[in-house]
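Just below is one structure, and these are the notes that go with it.
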Amino acid sequence: QDELHTFLESVKQIEIFICQEMIPNDGDIRILCTLGESLGAIKRTALPGEFLNNYAQGGSVEKYEPTPEEIELAVKASKVNRFDIAGVDIMHTPTGPVLLEVNMGPGVSGFESVFGVNYVFSTIGKKLS
């Protein structure tokens, strides 16, 4: 709180800030949704000493079996945002899963390292044909 107060005092013109409570975690879940369905999920874990779980930032990934509640949350989040393809990030907390972010242009390299090269686009292609 002290750091936030100091930062806000240093800003001459305040526009909009979004503050989020830090959630201690051992990783997050990315569920890839397309056309109202889940294509699969991965667990993303940050490098030691880091806090970003993103695969593109050096985090590791492993296949994850989402719960029906997590799938429902991810699909609903993608539909509410009207995204045909979405990467939905979820974190587990003591009170249940929390929606972190819905990405309109999610990276797929983490999925392809787990599910196989071209898994994402070939699966989407099959759904469209």
Side-chain angles (χ1 to χ4, degrees):
Q1 287 179 344
D2 291 338
E3 288 179 32
L4 176 61
H5 183 71
T6 301
F7 171 75
L8 292 175
E9 285 182 346
S10 73
V11 177
K12 296 187 189 297
Q13 181 180 11
I14 297 177
E15 293 181 16
I16 295 175
F17 292 96
I18 297 175
C19 298
Q20 176 182 333
E21 178 183 355
M22 172 62 177
I23 302 171
N25 67 86
D26 66 347
D28 64 23
I29 308 305
R30 158 86 41 106
I31 299 178
L32 190 62
C33 296
T34 184
L35 305 172
E37 295 180 23
S38 167
L39 290 186
I42 55 175
K43 179 175 182 181
R44 307 181 309 167
T45 306
L47 290 170
E50 298 292 328
F51 70 93
L52 292 174
N53 296 319
N54 304 50
Y55 183 72
Q57 300 287 338
S60 63
V61 293
E62 61 186 88
K63 190 172 183 179
Y64 178 79
E65 194 62 46
T67 66
E69 179 183 21
E70 292 167 335
I71 293 171
E72 181 181 350
L73 176 62
V75 169
K76 186 173 185 177
S78 67
K79 286 181 178 179
V80 165
N81 284 284
R82 298 183 180 162
F83 294 165
D84 290 332
I85 299 173
V88 181
D89 300 341
I90 297 172
M91 187 172 288
H92 293 148
T93 70
T95 58
V98 173
L99 177 67
L100 296 178
E101 183 177 18
V102 183
N103 299 275
M104 179 171 52
V108 298
S109 57
F111 272 86
E112 292 195 338
S113 73
V114 172
F115 290 96
V117 176
N118 293 324
Y119 165 78
V120 173
F121 297 111
S122 64
T123 304
I124 292 170
K126 289 175 189 172
K127 288 182 177 295
L128 293 174
S129 59

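Both backbone and side-chain heavy atoms feed into the values below; hydrogens, waters and symmetry mates do not. Quick caveat, the model's predicted, so the values are computed rather than measured.
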Linked, directly or transitively: [X] and [Y] (ILVMFWY side chains, under 4.5 Å):
X	Y	result
L73	Y64	yes
V120	L35	yes
I23	L99	no
F83	V75	no

- Task: Please list, chain by chain and in numerical order, all residues satisfying salt bridge (Lys or Arg N to Asp or Glu O under 4.0 Å) with D26, sequence neighbours excluded.
- Result: K43
- Query: With E37, which residues qualify under salt bridge (Lys or Arg N to Asp or Glu O under 4.0 Å), at least two apart?
  - Reply: K127
- Answer yes or no: is there a side-chain heavy-atom contact under 4.5 Å between I31 and I90? yes
- Residue of the set L32, V88, I71 for which side chain to side chain contact (heavy atoms under 4.5 Å, CB included) holds with S38: I71
Can you tell me how far apart [atom1] ([X]) and [atom2] ([Y]) are? Round to the nearest 0.5 Å.
X	Y	atom1	atom2	answer
T34	I124	OG1	CD1	4.0 Å
I85	C33	CD1	SG	11.0 Å
D28	L100	CG	CG	6.0 Å

Applying salt bridge (charged side-chain N to carboxylate O under 4.0 Å, His left out) as the test, list every pair that has at least one member in [range]; sequence neighbours left out.
range	answer
residues 51-68	none
residues 72-98	R30-D89, R44-D89
residues 92-110	none

- Under 3.5 Å, side chain of Y119 to main-chain N/O of V114, donor-acceptor pair present? no
List the atom of [X], the atom of [Y], and the distance in Å for their closest heavy-atom pair.
X	Y	result
P66	E70	CA-OE1, 3.2 Å
G110	V61	O-CG2, 3.6 Å
N118	S122	O-OG, 2.7 Å
F121	V108	CE1-CG2, 3.8 Å

- Item | Pairs meeting criterion ring pair (Phe, Tyr, Trp, His ring centres under 6.0 Å) with involvement of residues 91-114, two or more places apart | F111-F115
